[in-house]
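Being a predicted model, the structure only gives us computed values, none of them experimental. Reminder, nothing fancy here: chain letters follow the sequence lines and each chain counts from 1. Hydrogens, waters and symmetry mates play no part in the numbers below; they use all other heavy atoms, side chains included.
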There are 2 protein chains.
Amino acid sequence: MNDLNAISIRNLLFFISVFDAQSFSIVARREEVSASMVSRSVQQLEDALGQQLFYRNTRAVIPTEAGRIFADYARAMAEQLSEAQKELQDKTLQPAGVVRVNAPVFFGQKHIAPWLAELSNRYPKLQIELSLTDDFIYPHREAADLIFRIGALADSSFHARVIGTQTYYLAASPDYINKHGEPKTPADLPQHQALVYRGSSGPNRWLFKEKHDGEKQASWVHSPVKAVLTSNNADSLFTAALTGMGLVLFPDWLIGDSLKQGKLVLLLPDYEAAIKTEPQCIAAIYPHVRHPPLNVRVLIDYFIEVYGSPLYWQLE
Amino acid sequence: MNDLNAISIRNLLFFISVFDAQSFSIVARREEVSASMVSRSVQQLEDALGQQLFYRNTRAVIPTEAGRIFADYARAMAEQLSEAQKELQDKTLQPAGVVRVNAPVFFGQKHIAPWLAELSNRYPKLQIELSLTDDFIYPHREAADLIFRIGALADSSFHARVIGTQTYYLAASPDYINKHGEPKTPADLPQHQALVYRGSSGPNRWLFKEKHDGEKQASWVHSPVKAVLTSNNADSLFTAALTGMGLVLFPDWLIGDSLKQGKLVLLLPDYEAAIKTEPQCIAAIYPHVRHPPLNVRVLIDYFIEVYGSPLYWQLE
DNA sequence: GTGCTTGGTTGCGAAAAACGCTATAATTCA
DNA sequence: TGAATTATAGCGTTTTTCGCAACCAAGCAC
């Protein structure tokens, strides 16, 4: 076994101990292993290096020239490992270093970016890399540590922390209502100006169902609309809606505060709205690993905390 | 297994390779091990550090923050080991560093010290520590790498390279002979002035036997002498003999050149002389180890070379 | 979509090693 | 000279290692 690869940290530490203690048995007792272990450990090291490290005898253990030289290196290596461990340990005790966060563009703008200042304040050693993309996830490719996603979650290779369910609302500005009137049922929609989000999988479909009156469970109905504006940029649609251009079907996190402030008016309050038939969850997703980084856990906890329960943007 | 000790250099090297190659299987192929090995190796490292090092997936291997940090340390450690190896390797190719040589005082003065200059010239990186002691060896205590000893050698924990056999001669200066006459047989010795070496085990005994005439083998006979000077310092006795104080019974390496130059005269040429009944060897002794240092081998070879064969101090 | 290939992980069994115990040789202390 | 201590070699048991095959996920070709 002339291979350097066979050297283990253990060997190095034993070697250092023996070097300092000038005795195998003292080390053996201190480390609570058999003396033969220590002896063999040093032998292994010697074989791996092809050099005698000690002259040894029943009564004396004297370092060779090579032993003295190697002791310095061994110490340096052990030192380095210990430092590495310390640095990594610190990381688990106190969040530090880079965390790469990914989120949908507009969600990030409205509900992540505003909170980052406080986050940075709370964990000064944290460096946040925020990338906002709407395309449905670059799971690993982007090497994101934490991904905010909205949708039906089903991916075994990730852990997901559900932040909440998103509710869609049909809304328009008071101006618009004054000018065009208010739809009373989804069937009225084709007469209205629709502002439609278009993602990479095509334009959103507008779905409605009557709120459950009694036990009868209505099913989702797709309402065709007249799209006067289609965009892959939610902010633009939002602005268009605020300035009275037309109706939007947007989730609560996007228009919740506008509704509360009266800048937009909730339409079809007797209907539930959606763009997908499955319930859409807002979730923080992170890679499924055995040693989840503290960084990521802390970030999730932070956002769960500031979003509150119910989520601060929800209507009720 | 949360123990740092379990980390082996192999793990580190695999980790570094994976880090650079961003792939387990590439490393596995290059290192000619199974992919599972590499995978488990990294897992081991992660368990030992308690930190995830890669986000991995069937199609991508992305370093964690912790992974990137640890990579630096791992590289540093590997670097250090490689340097250590190089330095030690150099030592096996080219003699360098400290060699601690021990020898009997007068032998060292006469037959070691004079040759050290040339030795140092030949191996400039060698640093020689010469300690001269007559007391019969401090075997390991003194941490000598190479010990010149004279006597009957029997120690299994050492290797011995026999340089030659030592022959004792009875001698006196021409002055002395002129004044006191020349002994013809050992029985004449009590009438003469004897200069006797006294070591830690008492004064030397002077033994003689007639040189083998035919097949008859005489045995050693102890001749009592009149010691006018006893000393544990051979040089002093030697000086006393040169200045005509009396007879000395000294080995060839000590008085060989004086006999050749006629400063001393060989007495009782028909007798063999000795101080011990067993043949006395001059030997270079070094610790019995599995990886004998080049330093020591080179030193022995050098002295064997300069002493020549027959040894340059021998009479014939 | 459907198959095909690639890549990381896991289970399993044989091979190897680690490890403690004991014995042994060497050496010091009383 | 015994008693004690120490490093090491031999041993058998326990643990680990490691390749093979199976598996699952993800991309690619068609």
Side-chain angles (χ1 to χ4, degrees), chain A residues 1 3 5-11 14-15 17-19 21-48 52-63 67 136-142 154-158 287-290, chain B residues 1 3 5-8 10-11 14-15 17-19 21-48 52-63 136-142 154-158 287-290:
Chain A
M1 181 204 302
D3 207 350
N5 297 1
I7 298 175
S8 80
I9 297 298
R10 197 145 180 262
N11 292 123
F14 274 146
F15 166 72
S17 292
V18 170
F19 187 90
Q22 303 244 340
S23 157
F24 284 50
S25 49
I26 289 176
V27 173
R29 277 194 294 274
R30 187 169 53 214
E31 309 290 334
E32 298 187 325
V33 292
S34 66
S36 31
M37 255 305 303
V38 182
S39 169
R40 275 190 279 246
S41 181
V42 171
Q43 277 184 37
Q44 254 183 358
L45 210 53
E46 288 174 333
D47 288 347
Q52 201 76 14
L53 297 173
F54 295 110
Y55 295 139
R56 38 202 189 284
N57 222 300
T58 50
R59 298 315 273 193
V61 174
I62 311 261
F136 197 65
I137 321 186
Y138 302 167
H140 336 290
R141 186 72 58 83
E142 287 277 331
D155 193 327
S156 61
S157 82
F158 287 90
H288 170 40
V289 293
R290 291 196 298 193
Chain B
M1 181 203 301
D3 207 350
N5 296 2
I7 299 176
S8 82
R10 200 144 178 261
N11 292 124
F14 274 147
F15 165 72
S17 292
V18 169
F19 187 89
Q22 304 245 337
S23 156
F24 284 49
S25 49
I26 290 175
V27 172
R29 279 193 294 273
R30 187 169 54 215
E31 308 291 336
E32 297 187 326
V33 292
S34 66
S36 37
M37 256 302 304
V38 181
S39 169
R40 275 191 274 247
S41 180
V42 171
Q43 277 184 35
Q44 251 183 0
L45 210 52
E46 287 175 334
D47 288 346
Q52 201 76 14
L53 296 174
F54 295 110
Y55 294 141
R56 36 201 191 285
N57 219 296
T58 48
R59 298 318 272 192
V61 173
I62 311 262
F136 196 66
I137 322 185
Y138 301 170
H140 336 290
R141 186 71 59 83
E142 288 276 332
D155 193 327
S156 61
S157 83
F158 288 90
H288 170 40
V289 292
R290 291 196 298 194

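- Here the C1' atom of nucleotide D:dT17 and the CD1 atom of B:I7 are 17 Å apart, to the nearest Å.
- At distances below 3.5 Å, not a single donor-acceptor pair connects side-chain atoms of A:D47 with backbone N or O atoms of A:Q44.
- Distance B:R56 CZ to C:dT9 C1': 9 Å, rounded to the nearest Å.
- With rounding to whole Å, A:E46 atom CD is found 13 Å from D:dA7 atom P.
- Expressed to the nearest 0.5 Å, how far CZ of B:R10 lies from CD of B:E31 amounts to 8.5 Å.
- Following rounding to the nearest Å, B:Q52 (CD) and C:dG8 (C1') show an atom-to-atom distance of 13 Å.
- Here B:S39 reaches the OP1 or OP2 of C:dT9: one of its side-chain N or O atoms lies under 4.0 Å away.
- At whole-Å resolution of the value, CZ in B:F14 and C1' in D:dT17 are 12 Å apart.
- Per the geometry, CD belonging to A:Q22 stands 15 Å off C1' belonging to D:dA7, to the nearest Å.
- Computed from coordinates, the B:D47 CG to C:dT10 P distance equals 10 Å when rounded to whole Å.
- For B:Q44, a side-chain nitrogen or oxygen approaches OP1 or OP2 of D:dT17 to under 4.0 Å.
- Look at CE on B:M37: it is 20 Å from P on C:dA14, rounded to the nearest Å.
- Nearest-nucleotide mapping onto DNA chain C: of B:S36 and A:S36, the residue sitting toward the 5' end is B:S36.
- For B:R40 against C:dG11, a side-chain-to-base donor-acceptor contact under 3.5 Å is present.
- Shortest non-hydrogen contact noted between B:E46 and B:L53 is OE2-N, 2.9 Å.
- Under 4.0 angstrom from either OP1 or OP2 of D:dA7 there lies no side-chain N or O belonging to A:Q43.
- Taking the six-membered ring where the residue is Trp, A:F54 and A:F24 present perpendicular rings, their angle passing 60° and hence far from 30°.
- Listed pair A:R10 / C:dC19 meets the phosphate criterion, a side-chain N or O lying under 4.0 Å from OP1 or OP2.
- B:V61 comes within contact range of the sugar-phosphate backbone alone, with a heavy-atom separation under 4.0 Å but no base atom that close.
- With rounding to the nearest 0.5 angstrom, the OG atom of B:S23 is 6.5 Å from the CZ atom of B:R29.
- Close to D:dC18, at under 4.0 Å from its OP1 or OP2, lies no side-chain N or O of B:S34.
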